[in-house]
Amino acid sequence: MNIINRKLIALSFAAASIMGVSAQEAATGYFMENYNMKWQMNPAFGNRNGYVGFPALGNLNVNVNGNFGPTDLVYPLNGKTVLFTNPEISAQEALGNLKNVNRMSQSLGLGVIQVGFKAFGGYNNIAINVKENSSFSLPKSIFSLVKEGISNKEYDIKDLHVKAEAYAEIALNHSREIKQVPGLRAGVSLKFLLPVGFAEADFDELKLNLGADNWQASSNARLRIGMDGLRYEKKMKYPENQRPYEYVDGVNTDDIKFGINGFGFGIDLGASYEWKDFNFSLAFTDLGTLSYSKVQEASTNGTKTFETAAHPIAIGDDSKSWDELVDALSPLYELEDNGTVSSSTALLGKFRAGVDYTFPLYKKLHFGLLNTTSLSSMFPSTEFRLSANVEPIKGIAASLSAAAGTYGANYGFLLSLGNKGFNFLVGMDYAAFKMDKNHIPLSTNVDFHMGINFPF
């Protein structure tokens with residue numbers, strides 16, 4: 001069964017790159033009372049009660065973030081919605097709102113089993129989670145290539161990367177007060193990771209010189225897919241006046257076995273310090289690696305160059321021009337099958353630093369400022385979030401937050417209902433849905449957090 005044909009691979013080279021991003025908890029609830037899952041953002045945080053999570057619904061997190069939106073790609077024209085490639089949309093208009101690097105990420109975190117309890121001189125959490133992460137990053141030069149064709153003759157597109165993965169996580173957490181330093185609390189989480197599958201591509205080089213009479217191009221790329229039983233489908237090519245060669249033409253999934261494909265380990269470290277009406281905290285989370293044992297690799301095996309006398313192609317909305325572009329650039333994405341290899345990948349860690357201030361005139365109200373920064377040098381991001389948190393009566397807690405950072409400005413909310421016996425939590429970190437006059441989303445920042453737990 002060929003599920004990835006050569007045109008899809010071509011569009012990956014010419015238009016997108018997908019990378020891993022770590023799943024998120026509800027950042028709005030970092031300082032909120034009665035949020036049992038704070039320990040996953042800072043392992044030093046404990047809870048006042050023990051709890052058992054509802055299977056698969058004890059901790060559900062869905063997140064999509066981007067620094068560009070649908071209105072950057074689609075436009076209203078004569079009562080219709082068209083792509084930015086439409087000839088009636090000028091290049092200046094189509095490219096003017098795009099960033100130099102346009103990013104979007106998606107993550108899913110599902111808490112299969114969640115348990116928290118007091119013992120061993122502190123607070124403990126045991127969790128089994130399923131996590132899935134993916135994202136993409138599109139350099140502006142790719143949109144320029146697709147929109148302008150050969151009017152901009154030289155393109156140097158490099159350092160594009162593709163990565164997506166899914167894995168199970170077994171987390172063991174312990175936190176306690178440090179009696180030798182009053183006000184100090186520390187915690188650690190150990191994570192045993194069971195990878196299921198991943199896909200990764202590296203585009204170290206992609207150069208195009210699209211002249212009027214001929215095209216010159218070079219690429220250096222590698223594709224890795226880690227799933228037990230997966231194999232590449234290959235095809236022979238017989239170019240004129242050249243030796244025939246074999247290249248990857250698709251992926252065969254008939255023999256895939258869904259199961260554990262390697263091993264990984266991670267660690268979270270955190271601390272908090274209470275001083276008068278302030279509580280300072282910091283944490284490093286998701287420090288570790290995932291190792292895959294069965295990975296199918298295909299690559300150009302170095303820099304691959306080609307030259308063609310293809311006629312200039314004007315890219316438009318019609319499928320014919322897209323097919324011509326794909327066929328003309330086909331030598332760029334014809335990869336060689338390198339067989340089975342092993343591969344390791346680092347977790348995308350995060351650093352968090354926060355300060356919480358209790359309002360002296362009403363102790364049930366407090367304000368928090370949290371910075372969350374990605375530790376990935378390849379895909380950096382940061383966010384500052386200011387929140388107001390209140391628990392007027394025990395068992396009813398709420399938080400409102402406002403955030404600004406790499407993915408723009410937004411606001412969030414979190415509501416926790418119920419104390420002992422039953423607790424329901426729901427909220428969003430990105431609750432502002434910004435639309436244009438045609439009701440098309442201006443940006444792509446949306447998430448959803450929910451939990452059903454049974455405190456005791």
Side-chain angles (χ1 to χ4, degrees), residues 19-27 29-30 35-47 53 58-59 61 63 107-133 163 165-178 181 184-196 198 260-273 280-293 342-354 370-382:
M19 296 147 295
V21 65
S22 58
Q24 293 186 8
E25 302 299 316
Y30 184 87
Y35 179 32
N36 293 325
M37 303 303 166
K38 292 189 294 183
W39 66 274
Q40 297 197 11
M41 292 182 283
N42 188 326
F45 291 162
N47 296 316
N59 187 29
N61 302 282
N63 183 282
S107 65
L108 169 66
L110 182 66
V112 180
I113 295 175
Q114 305 281 335
V115 178
F117 57 94
K118 296 178 181 179
F120 312 115
Y123 198 90
N124 310 274
N125 291 278
I126 300 174
I128 298 178
N129 303 310
V130 174
K131 294 189 176 183
E132 174 270 327
N133 308 308
K163 186 176 178 182
E165 62 188 351
Y167 60 92
E169 172 189 272
I170 302 172
L172 306 175
N173 165 257
H174 177 75
S175 64
R176 63 169 60 205
E177 296 179 358
I178 307 301
V181 184
L184 178 64
R185 188 177 181 90
V188 59
S189 296
L190 303 180
K191 299 180 177 181
F192 303 93
L193 311 177
L194 305 175
V196 176
F198 91 115
I260 305 305
N261 186 22
F263 182 76
F265 179 78
I267 188 171
D268 299 346
L269 302 171
S272 66
Y273 179 69
F280 304 90
S281 61
L282 58 85
F284 293 90
T285 59
D286 286 325
L287 306 177
T289 60
L290 280 165
S291 296
Y292 293 86
S293 56
S342 58
S343 178
S344 296
T345 178
L347 298 179
L348 296 182
K350 288 187 176 181
F351 169 73
R352 293 180 176 89
L370 173 68
N371 171 249
T372 303
T373 299
S374 168
L375 298 179
S376 169
S377 60
M378 189 175 297
F379 314 119
S381 66
T382 191

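Just so you know, residue 1 is the first one in the sequence shown, and it goes up from there. In what follows, every heavy atom counts, from backbone to side chain, and hydrogens, waters and symmetry copies are set aside.
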| Sub-4.5 Å side-chain heavy-atom contact between I267 and V188 | yes
| said: As a quick check of understanding, evaluate side chain to side chain contact (heavy atoms under 4.5 Å, CB included) for E25 and N59, giving each step before the final call. | reply: CA-CA 9 Å; E25 302 299 316; N59 187 29; 3.1 Å; yes
| task | Calculate, to the nearest 0.5 Å, the distance between atoms CG and NZ belonging to N371 and K350 respectively. | result | 11.0 Å
| said: When you measure from the side chain of R176 to the backbone of F120, do you find a donor-acceptor pair of N or O atoms at a distance under 3.5 Å? | reply: yes
| If you measure from CG on N125 to NE2 on H174, what distance do you get to the nearest 0.5 Å? | 11.0 Å
| request: Could you tell me whether the side chain of L370 reaches within less than 4.5 Å of the side chain of R352, counting heavy atoms only? | output: yes
| Interatomic distance, N261 atom CG to E165 atom CD [nearest 0.5 angstrom] | 12.0 Å
| said: Can you classify the ring geometry of F192 versus F263 as parallel (below 30°), tilted (30 to 60°) or perpendicular (above 60°)? | reply: tilted
| query | Of all heavy-atom pairs between P195 and Y167, which one has the smallest distance, and what is that distance? | reply | CA-CB, 3.6 Å
| message | Check whether N173 reaches the backbone of P43 with its side chain - one donor and one acceptor, N or O, closer than 3.5 Å. | response | yes
| note | In short, N42 meets S281 closest at the heavy-atom pair ND2-CB, 3.6 Å
| task | Find the distance between CG (L290) and CZ (F265) and round it off to the nearest 0.5 Å. | result | 12.0 Å
| Nearest atoms (heavy-atom pairs only) where G58 meets M37 | O-CE, 3.6 Å
| Aromatic centroids of F45 and Y30 separated by under 6.0 Å | yes
| request: Provide the closest heavy-atom pair for D286 versus L347 in the form atom of the first, atom of the second, distance. | output: O-CB, 3.4 Å
| task | Taking the side chain as every heavy atom from C-beta outward, state whether N47 and Y35 have any pair of such atoms under 4.5 Å apart. | result | no
| note | Only residue of N129, D268, N61 satisfying side-chain contact (heavy atoms from CB on, under 4.5 Å) with Q40 is N129
| Run the side chain to side chain contact (heavy atoms under 4.5 Å, CB included) check on L375 and L287 step by step: do they pass? | CA-CA 9 Å; L375 298 179; L287 306 177; 3.7 Å; yes
| Residue pair S175 / R185: nearest heavy atoms and the distance that separates them | OG-NH2, 3.1 Å
| Minimum heavy-atom distance between N124 and K118, given as atom pair plus value | ND2-C, 4.1 Å
| note | Sorted by chain and residue number, the side chain to side chain contact (heavy atoms under 4.5 Å, CB included) partners of I113 (sequence neighbours excluded) come out as V115, I128
